[in-house]
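This structure is a prediction, so every number in the text was calculated from the model and none was measured.
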Amino acid sequence: MNAIVICDVCLLLIIKTNRFNNFQAVLYNDRSVLENHHSAAAWNLFMSRSEFNFLANLDHVEFKRFRFLVIEAILATDLKKHFDFLAEFNSKINEVNNPGIDWTNENDRLLVCQVCIKLADINGPAKRRELHLQWTEGIVNEFYEQGDEEASLGLPISPFMDRSSPQLARLQESFITHIVGPLCNSYEAAGLLPGQWVDEEDIDPECGEDDDEDEDVEDFESEDEMDDDDLDLPRRHRRKRKRRQRIFCQIMHHLTENHKLWKKVIEEEEHEQQRKSELNLQQTDSSSLPQTSDDIQVIEEADEEEEKQQAEEQ
C-alpha cells in the first residue's frame, strides 16, 4: 500500500518529468528513471522530519526489510520490465514440473507482490466503463502534453502522442491486448483475483467469460430441482439434478467489456474511413470523365454560330 501511494503521489508531483529531464536520467543511469525518482523523493520526504516517521516502532532489521520491499515494488512498475515479470510469473504457475507459488518462499512472495502492484498500476481498463473512460482521458492528455513538448524540442513525436492525429481507440485496444489482458489472465490463473460463485444462468452471456474453463466450474446437487418422475419415489431414491456454478470475477468482466468497446470503435472508425475513401474516389472519377454528348452538342452549336458570324463579316 505504501508503494502504491508513493507512486501515485510522486507521479502527480512530477508529471512533467520524462525523458527530457537529463539531470535525472544521468543521476539514475537511464534505468527506471521515474520509478527511482519516485522512491528517492518519497524516502527523502519521509526522513526529512521526525513527525513523518510512521515506522518509528520498527527495529533496524525490520526497517531495512520494509524499505527493501517498498523500493522493489515501486521499481516493478517500470513498463520496460513488464514482460520479464510476466514471463517469470507465468513460469511459476504454468510449467508442468513447477509446483506453483510457494508461499513459504520469500522470493515467490515478493514476485506476487510485484505483479500485484503492477496490476494496481495499470488497471484502468479493468474498472467499470465510466471510471475507465475518466482514467483514459487523463492519460491521453498527459500523452498529448508530452507530444507537444517533443515537437517543441524538434524531436519525433512518440506513438499515440500526436494530438493532431488522435488514435485513442487503437491505443486502448493495444494496451489491453498486449499489457493489461495477459497480466490479468495470469493473475486469475494463479487464483489471486477476487471472485464469487454464481449460478451459470445468473451470468450475463455476453460477459466474455470462457465456458470451457473446467477449473472454475463445479456441479452442485440440489434437492430443490428434481425430475417430475421422481416426485413419487422415496427420498433416498430420488435423483438430484446437478446445478452448475462458476467463479465470476468482476475485474475480468470489466476488462472484457472495455476491450469490446474499443474494438467496436476501431471497426466504426475503419468503416467511416473506408466510406470517405470511396466517396473521394467517386468524386475523382467523376471529375475525370470524358465529356457527354450534351456537352459535345453545345460545343458544336457554339462552333457553328462562330462560323456563321465570320461568314457574315466576310
Margin query: Could you check whether Arg170 pairs with Glu173 (Lys NZ or Arg NE/NH1/NH2 to Asp/Glu carboxylate O, under 4.0 Å)?
Written below: no
Notebook entry, point to check: Are the side chain of Asn29 and the backbone of Arg31 linked by a donor-acceptor contact shorter than 3.5 Å?
Noted result: no
Note to self: Return the CD to CG distance between Gln250 and Leu193, rounded to the nearest 0.5 Å.
What the structure shows: 12.0 Å
Item checked: Parallel, tilted or perpendicular: rings of Phe54 and Phe46 (30°, 60°) -> perpendicular
Next item on the list: Looking only at non-hydrogen atoms, find the nearest pair between Tyr187 and Cys116 and report the distance.
Entry: OH-CB, 3.2 Å
Margin query: Donor-acceptor pair, distance only, cut-off 3.5 Å: does the side chain of Asn258 make one with the backbone of Lys127?
Written below: yes
Check: Considering all heavy atoms of both residues, which atom of Phe143 and which atom of Met161 are nearest to each other, and what is their separation?
Finding: O-CB, 3.3 Å
Note to self: Are Phe66 and Val61 linked, directly or through intermediate hydrophobic residues, by side-chain heavy-atom contacts shorter than 4.5 Å (ILVMFWY only)?
What the structure shows: no
Notebook entry, point to check: Are Phe63 and Leu45 connected, step by step, through hydrophobic side chains (Ile, Leu, Val, Met, Phe, Trp, Tyr) whose heavy atoms are closer than 4.5 Å?
Noted result: no
Check: Ile101 versus Leu192: any side-chain heavy-atom pair under 4.5 Å?
Finding: yes
Notebook entry, point to check: Among the clusters formed by ILVMFWY side chains lying less than 4.5 Å apart, do Ile74 and Phe52 turn up in the same one?
Noted result: no
Item checked: Test: Lys81 and Glu88 ion pair at under 4.0 Å -> no
Item checked: Closest approach of Asp108 to Gly100 (non-hydrogen atoms, all atoms of both residues) -> OD2-O, 3.9 Å
Notebook entry, point to check: Is there a side-chain contact between Leu86 and Pro182 (heavy atoms, below 4.5 Å)?
Noted result: yes
Margin query: Is it the case that atom CG in Asn44 sees more than 12 heavy atoms from other parts of the structure closer than 6.0 Å?
Written below: yes
Note to self: Any non-hydrogen side-chain atom of Leu34 less than 4.5 Å from a side-chain atom of Tyr28?
What the structure shows: no
Check: Would Phe175 and Ile266 show up in the same hydrophobic cluster when neighbours are defined by side-chain heavy atoms closer than 4.5 Å?
Finding: no
Note to self: Run Glu62 and Arg65 through salt bridge (charged side-chain N to carboxylate O under 4.0 Å, His left out) and show every step you take.
What the structure shows: CA-CA 5 Å; Glu62 291 173 334; Arg65 180 60 184 165; over 6 Å; no
Next item on the list: Using atom types as modelled and distance alone, determine if a side-chain donor or acceptor of Asn280 lies under 3.5 Å from a backbone N or O of Lys276.
Entry: yes
Checklist line | NZ on Lys92 to CG on Asn105, rounded to 0.5 Å | finding: 6.0 Å
Margin query: On a heavy-atom basis, which atom in Ala151 and which in Ile157 lie closest, and how many Å separate them?
Written below: CB-CD1, 4.1 Å
Next item on the list: Over all heavy atoms of both residues, which pair between His178 and Phe83 is shortest? Give the atoms and the distance, please.
Entry: O-CE2, 3.6 Å
Next item on the list: Using modelled atom types only, decide if a donor and an acceptor are shared between the side chain of Ser152 and the backbone of Glu149 within a distance under 3.5 Å.
Entry: yes
Next item on the list: Mark yes or no for whether Glu150, through its side chain, and Ser158, through its backbone, hold a donor-acceptor pair below 3.5 Å.
Entry: yes
Next item on the list: Kindly give the heavy-atom pair with the smallest separation between Ile117 and Ala73, and that separation in Å.
Entry: CG2-O, 3.4 Å
